[in-house]
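Scroll down for the structure; my scribbles are underneath it.
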Amino acid sequence: MRPLIRFLVALGWVLFASRAVAATGDELVTQLGTHHVEITARFTGQDVLIFGAVSHAGDVIIKVTSPEQTVDISRKAQYGPFWLTSGKFTVPGTPGLLYVLSTRPVADILGKAEQARYGLDLTDALQGVQPKDAGTDMGDWRSAFIALKKKGHYYLQDGHAVKLLGDRLFSASMALPAKLPLGSYHLEIYLVRAGKVVAEQTRKFDVREVHAERWVSDTAYGHSWLFGIAFTLFAMVLGLVLGIVLRRGGDD
Amino acid sequence: MEIFLPIAHMDVNLLTIVLFGGVVGLLSGLVGVGGGFLITPLLIFIGVPPLVAVATGAAQIVGTSAAGSYAHWRLGNIDFKMGIVLLVGSWTGGSAGVFLAKMLQQGGHFGNIVTFLYVVLLGIVGTSMLFESVKTIRGRAGARSGGGKRRKQDGGWLSAAGERLPGQMEFPVSRLRISLLIPLILGVSVGVLTSLMGVGGGFIMVPVMIYMLKMPTKVVVGTSLFQLLFTTAVVASMQAGVNHAVDPFLALILILGSAFGTQWGTRLSVKLPGEKLRLVLALVVMAVTIKMLVGILIRPEELYNMAVVVG
């Protein structure tokens, strides 16, 4: 039921939006299918729908960025016969998730200078990002970082992800992966005509952990000693009870 | 069914983890060894970060050894004086190990150290189990009496050394008079192993107590269980406190799985021949060792690894 209702709401909204665009002369109107993505223990990813209307035919680019993350990067190297971790460093301020979706490949729509200005090239994602205490030789970690991100579906450049319906309406579906960085996600939607961005809009949605998962990770980090001791005692009692109950069951 | 582990920060299949707990529990029920030294490598194989695997392994042992310790306490099979001296050692070693783990983790070398420790230790345990079970299966009566005699002749060197070292102490329940230093050092080394490998250390403690210290077999198992329950309890609490590395969901699923596995194992062991079971366990241990060794000998597909730092 829910997807159908969502679709009907979306359709109604789009029809309204296309009128509104025509009436007010706004270049670009957009709407998100959801404003919250809630992560539970059974969360395996979610599709987020974005749709909108444009006043005149053109190309649409949607850029999605998550809150920044600090990551540890380690690398393996050969020592004699062994492949071992050769070192590790910390990189603060990397985009956790970065999607650039468009009606056509961005390179066909915008010139290099414009692309760089709006940050639409994934290889620019690490611009200005500097690793902390990088004493060890880590080789070309930037390319490796982006390759790993693409593999996990955290970085994506898709020149066909935004579908045009007629020449006034568009929609795009983002398949978010399971392990999402938490916080507020920022969407920038650009309308491009003749190699120029003629209109832009921003949208937001939140990704948050709910229920037990949130409570567990907050407690484990915020009150780590209390958590550790309480959990250990709980494990002890659980083991004791299980042992006694199961043994009784066996005696019958 | 996939579930998200809040501390390991990854998705795992619930059934896989239940199965791991069950299989390890089954083996320990069948053969009578704790399965800590299999759980940690299995978790590492499915991609759990090594420090989380080691810390959660320790928490898992707390759950699985509680019932056994209680049973032995009721039967009066625990030498508490010996147990406390061992604990003083293993708490010291365990605490030092937790901070050592933190240091190694910050330098990015914890995974390497864990792999090497496991390859060496499982290699030794697996090989000796393999030899012993093959020997027993081939010629039971002859090999057993011969082995028994040799043990009696050369086994007591540690207790002999214990009689000469300073700090002599009586352990009436174990019918021993040895230097405090022996159980203290034994405790320290087992404690370090608990922090760095996520094992209880029973597979070291039990042979040392039986063959080297010559403690009566009746109190060996109880005392060693008592010791390892409280060692893993302190180490697990510290791993959570210092390293944020105990994943509660993972630990609980493992405890549940192994509780059931142990019960089946204990019942099955009555029907199945012991020597062949030991051979099976030896082969499992050798397989895990070889898989770990191959893992560091073959060029990895992905040279880089990335982990999100939380908080």
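Heavy atoms only: backbone and side chains are in, while hydrogens, waters and symmetry mates are out.
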Short side-chain to backbone donor-acceptor contact, Glu200(A) and Tyr190(A), under 3.5 Å: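 Such a contact is absent between Glu200(A) side chain and Tyr190(A) backbone.
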So [Y] and [X], do their side chains get closer than 4.5 Å, heavy atoms only?
X: Tyr154(A); Y: Pro177(A); value: yes
X: Gln105(B); Y: Met103(B); value: no
X: Leu101(A); Y: Leu156(A); value: yes
X: Leu38(B); Y: Val288(B); value: yes

Using non-hydrogen atoms only, which part of Phe110(B) is less than 4.5 Å away from chain A: side chain, backbone, both, or neither?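 Nothing of Phe110(B), per the 4.5 Å heavy-atom cut-off to chain A.
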Toward chain A, the part of Leu256(B) with a non-hydrogen atom under 4.5 Å: both
Part of [X] lying under 4.5 Å from any heavy atom of chain B:
X: Leu84(A); result: both
X: Ile73(A); result: both
X: Phe231(A); result: side chain

For chain B, find which of [options] contributes the most heavy-atom pairs closer than 4.5 angstrom.
options: Phe82(A), Phe234(A), Trp225(A), Trp83(A); answer: Trp83(A)
options: Leu233(A), Ile229(A), Val237(A); answer: Ile229(A)
options: Thr94(A), Leu238(A), Val91(A), Leu148(A); answer: Leu148(A)

What orientation do Phe205(A) and Tyr185(A) show, parallel under 30°, tilted 30 to 60°, or perpendicular over 60°? parallel
Out of Ile298(B), Leu14(B), Asn305(B), Ile7(B), return the one with the most heavy atom pairs under 4.5 angstrom to chain A. Asn305(B)
For chain A, find which of Ser258(B), Ala55(B), Gly68(B), Ala233(B) contributes the most heavy-atom pairs closer than 4.5 angstrom.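 Ranked by contacts with chain A, first place is Ala233(B).
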Indicate every side-chain donor-acceptor pair of residues 57-65 of chain B with a distance under 3.5 Å to a residue at least two apart or in another chain.
residue  : atom : partner  : partner atom : Å
Thr64(B) : OG1  : Gln60(B) : O            : 3.2
Thr64(B) : OG1  : Ile61(B) : O            : 3.3
Ser65(B) : OG   : Ile61(B) : O            : 2.7

Indicate, with yes or no, if the rings of Trp91(B) and Phe230(B) have centres closer together than 6.0 Å.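 Between Phe230(B) and Trp91(B), which both carry aromatic rings, the centre distance is not below 6.0 Å.
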Run the ring-centre check on Phe80(B) versus Phe226(B) and record whether the distance is less than 6.0 Å. yes
The criterion is ring-ring contact (aromatic ring centres under 6.0 Å, His included); which residues satisfy it with Tyr155(A), sequence neighbours excluded? Phe145(A)
Show every salt bridge (Lys or Arg N to Asp or Glu O under 4.0 Å) that has at least one partner inside residues 218-230 of chain A, sequence neighbours left out.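 Those involving residues 218-230 of chain A are Arg214(A)-Asp218(A).
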If the contact rule is any heavy atom under 4.5 Å from chain A, which residues of residues 237-246 of chain B qualify, in numerical order? Ser237(B), Met238(B), Ala240(B), Gly241(B), Val242(B), His244(B), Val246(B)
